Visitor: 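Next up is a structure, given as structure tokens.
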Amino acid sequence: MSGRIVFATGNKGKIKEIQMIMADTGLEVVSMKDAGIVVEPEENGTTYEENAMIKARAVAEYTDDIVMADDSGLEIDYLNKEPGIYSARYMGEDTSYRIKNANLIERLEGVPDEQRTARFVCAIAAVLPDGTELTTRAAIEGRIDYEEKGSHGFGYDPIFYVPRFGKTTAELTEEEKNQVSHRGQALELMKKELKKYEDISR
Ligand code: ITT
């Protein structure tokens, strides 16, 4: 594959991971800001896929490159899958993750391990230069830890404990996280979709 992907995200943590995950495709990944595109579409969808597609379509208006977008979130079973698609907006978009993470731990006070189950979910949407639209989705299962641990990653990573590693995703290296994460898996599925599409359209 050649060419570039404009990624419709303003989240620096996401773009760093995405560039690493996509490095083996031969496609350069640039953020919409680096492509000189400024849009802030209202994420008023009801699913991760809808919100990802809203972002991808908004940026696709301004470029002939491949456009992709990520919509993701943390679902905590004990809190009826909150904050879910509202993960970025939980307690206010500008509230620090120190405060958001501390609040979630507090809401789970006294809740035992087996009821602390949670997952990170990620949908990736793509709009190809010919208008073709694709979406993929993946998740990683874990549980909410009792305190914040680790300094890698971003957002809710310090409280998302993955039993098979015995660590939070903020304690994993970038490579380790990308190999197993919701975003890593959803982007691997998108790479396959793109490959199929390339084979068909050749
Ligand atoms: P863009 O819409 O510009 O991409 P955003 O941060 O607003 O950026 P979302 O609406 O998709 O993105 O919200 C996703 C939120 O879910 C994100 O801000 C984090 O709080 C959380 N999240 C998603 N993936 C995560 C990860 O890998 N590690 C930690 N938190 C994550």
Side-chain angles (χ1 to χ4, degrees), residues 4-25 27-35 37-41 43 48-49 51-52 54-56 58-59 67-76 82-105 118-126 136-142 144-145 147-162 165 167-191:
R4 71 172 194 171
I5 300 172
V6 177
F7 224 98
T9 181
N11 182 317
K12 293 199 181 85
K14 280 187 186 177
I15 200 85
K16 199 167 161 217
E17 292 184 2
I18 291 159
Q19 283 170 333
M20 278 181 75
I21 297 162
M22 299 303 280
D24 64 357
T25 61
L27 293 163
E28 184 197 1
V29 176
V30 296
S31 68
M32 56 188 188
K33 186 165 169 249
D34 289 339
I37 300 170
V38 185
V39 286
E40 253 191 81
E43 293 179 34
Y48 298 100
E49 284 84 353
N51 280 339
I54 287 169
K55 291 183 260 191
V59 169
V67 176
M68 283 189 197
D70 164 311
D71 199 71
S72 43
L74 174 65
E75 295 181 352
I76 303 176
E82 265 189 65
I85 61 167
Y86 302 106
S87 291
R89 287 165 273 181
Y90 182 65
M91 296 182 81
E93 194 103 31
D94 296 328
T95 303
S96 78
Y97 277 89
R98 266 273 137 78
I99 294 174
K100 297 191 198 202
N101 285 331
N103 171 269
L104 289 174
I105 286 173
R119 67 204 55 76
F120 273 133
V121 181
C122 174
I124 300 291
T136 60
R137 171 199 274 245
I140 174 173
E141 298 290 331
I144 302 306
D145 213 334
E147 57 188 63
E148 286 190 62
K149 289 184 197 137
S151 55
H152 299 152
F154 65 98
Y156 300 104
D157 279 326
I159 62 166
F160 188 77
Y161 177 84
V162 187
F165 293 111
K167 289 178 180 173
T168 68
T169 41
E171 292 178 299
L172 298 178
T173 64
E174 289 169 333
E175 289 81 4
E176 284 171 335
K177 182 183 168 190
N178 290 340
Q179 269 169 26
V180 295
S181 76
H182 50 320
R183 182 164 299 104
Q185 296 181 70
L187 282 167
E188 288 303 330
L189 292 172
M190 185 53 81
K191 284 184 203 172

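From a predicted model like this one, the values you see are computed outputs, not experimental measurements.
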Visitor: Report the relative orientation of the aromatic rings in Tyr97 and Tyr156; use parallel for angles under 30°, tilted for 30 to 60°, perpendicular for over 60°.
Guide: perpendicular

Visitor: Within a strict 4.5 Å, meaning less than it, do heavy atoms of the Val59 and Ile37 side chains meet?
Guide: yes

Visitor: Using every non-hydrogen atom in the two residues, find where Ile144 and Ala118 come nearest and quote the distance to one decimal.
Guide: CD1-CB, 3.8 Å

Visitor: Take atom OH in Tyr86; do more than 12 heavy atoms of anything else shown fall under 6.0 Å from it?
Guide: no

Visitor: With Thr168, which of Lys149, His152, Lys177 fulfils side-chain contact (heavy atoms from CB on, under 4.5 Å)?
Guide: Lys149

Visitor: State the OG1-CD distance between Thr25 and Glu188, to the nearest 0.5 angstrom.
Guide: 10.0 Å

Visitor: Consider ring pair (Phe, Tyr, Trp, His ring centres under 6.0 Å). Of Phe120, Phe154, Phe165, which one does Phe160 pass it with?
Guide: Phe120

Visitor: I'd like to check Glu148 versus Ile159 (side-chain heavy atoms, cut-off strictly below 4.5 Å). Are they in contact?
Guide: yes

Visitor: Ignoring hydrogens and geometry, is there a side-chain-to-backbone donor-acceptor pair from Lys100 to Tyr90 under 3.5 Å?
Guide: yes

Visitor: Under the salt bridge (Lys or Arg N to Asp or Glu O under 4.0 Å) criterion, do Lys14 and Glu17 qualify, and how do the steps go?
Guide: CA-CA 5 Å; Lys14 280 187 186 177; Glu17 292 184 2; over 6 Å; no

Visitor: Side chains of Val121 and Arg137: does their closest heavy-atom pair fall under 4.5 Å?
Guide: yes

Visitor: When rounded to the nearest 0.5 angstrom, what is the spacing between CZ in Arg4 and CE in Met22?
Guide: 14.5 Å

Visitor: Counting C-beta onward and ignoring hydrogens, is there a side-chain heavy-atom pair between Ile21 and Lys191 closer than 4.5 Å?
Guide: yes

Visitor: Between atom OG1 of Thr173 and atom CG of Asn178, what is the distance when rounded to the nearest 0.5 Å?
Guide: 8.0 Å

Visitor: Flag the pair Val180 / Val162 as yes when at least one side-chain heavy-atom distance between them is below 4.5 Å, and no otherwise.
Guide: no

Visitor: If I compare all heavy atoms of Ala69 with all of Ala52, which pair ends up nearest, and what's the gap?
Guide: CB-O, 3.2 Å

Visitor: May I ask you to decide if Ala125's main-chain N or O and Glu49's side chain share a donor-acceptor pair within less than 3.5 Å?
Guide: no

Visitor: Once rounded to the nearest 0.5 Å, what's the spacing between atom CD1 of Ile99 and atom CG of Asp94?
Guide: 11.5 Å

Visitor: State, to 0.1 Å, how close Ser72 and Cys122 come at their nearest heavy-atom pair, and which atoms those are.
Guide: CB-CA, 4.0 Å

Visitor: Yes or no on side-chain contact (heavy atoms from CB on, under 4.5 Å) for Arg119 and His182, after CA distance, side-chain angles and deciding distance?
Guide: CA-CA 9 Å; Arg119 67 204 55 76; His182 50 320; over 6 Å; no

Visitor: Verify, without hydrogens or angle tests, whether Glu174 (side chain) and Gly153 (backbone) share a donor-acceptor contact under 3.5 angstrom.
Guide: no

Visitor: List the residues meeting side chain to side chain donor-acceptor pair (under 3.5 Å) with Gln19, not counting sequence neighbours, and say none if there are none.
Guide: none

Visitor: Say you draw a straight line from CG of Asp157 to CG of Leu74; how long is it, rounded to the nearest 0.5 Å?
Guide: 9.5 Å

Visitor: May I have the step-by-step check of side-chain contact (heavy atoms from CB on, under 4.5 Å) for Ile18 and Arg183, ending in yes or no?
Guide: CA-CA 8 Å; Ile18 291 159; Arg183 182 164 299 104; 3.8 Å; yes

Visitor: Compare every heavy atom of Asn51 with every heavy atom of Arg89, then report the nearest pair and how far apart it is.
Guide: NH2-ND2, 4.2 Å

Visitor: Looking at every heavy atom in both Ala186 and Ala138, which two are closest together, and how far apart are they?
Guide: N-CB, 3.5 Å

Visitor: Tell me the closest heavy-atom pair linking Ser181 and Gly184, and the distance in Å.
Guide: OG-N, 2.9 Å

Visitor: Checking the side chain of Lys55 only, and the main-chain atoms of Asp70 only, is there a donor and an acceptor separated by less than 3.5 Å?
Guide: yes

Visitor: To the nearest 0.5 Å, what is the distance between CD on Gln185 and OG1 on Thr136?
Guide: 10.5 Å

Visitor: Name every donor-acceptor pair, under 3.5 Å, that has one atom in a side chain of residues 27-34 and the other anywhere in the protein, sequence neighbours excluded.
Guide:
{"residue": "Ser31", "atom": "OG", "partner": "Asp34", "partner atom": "N", "Å": "3.1"}
{"residue": "Ser31", "atom": "OG", "partner": "Asp34", "partner atom": "OD2", "Å": "3.4"}

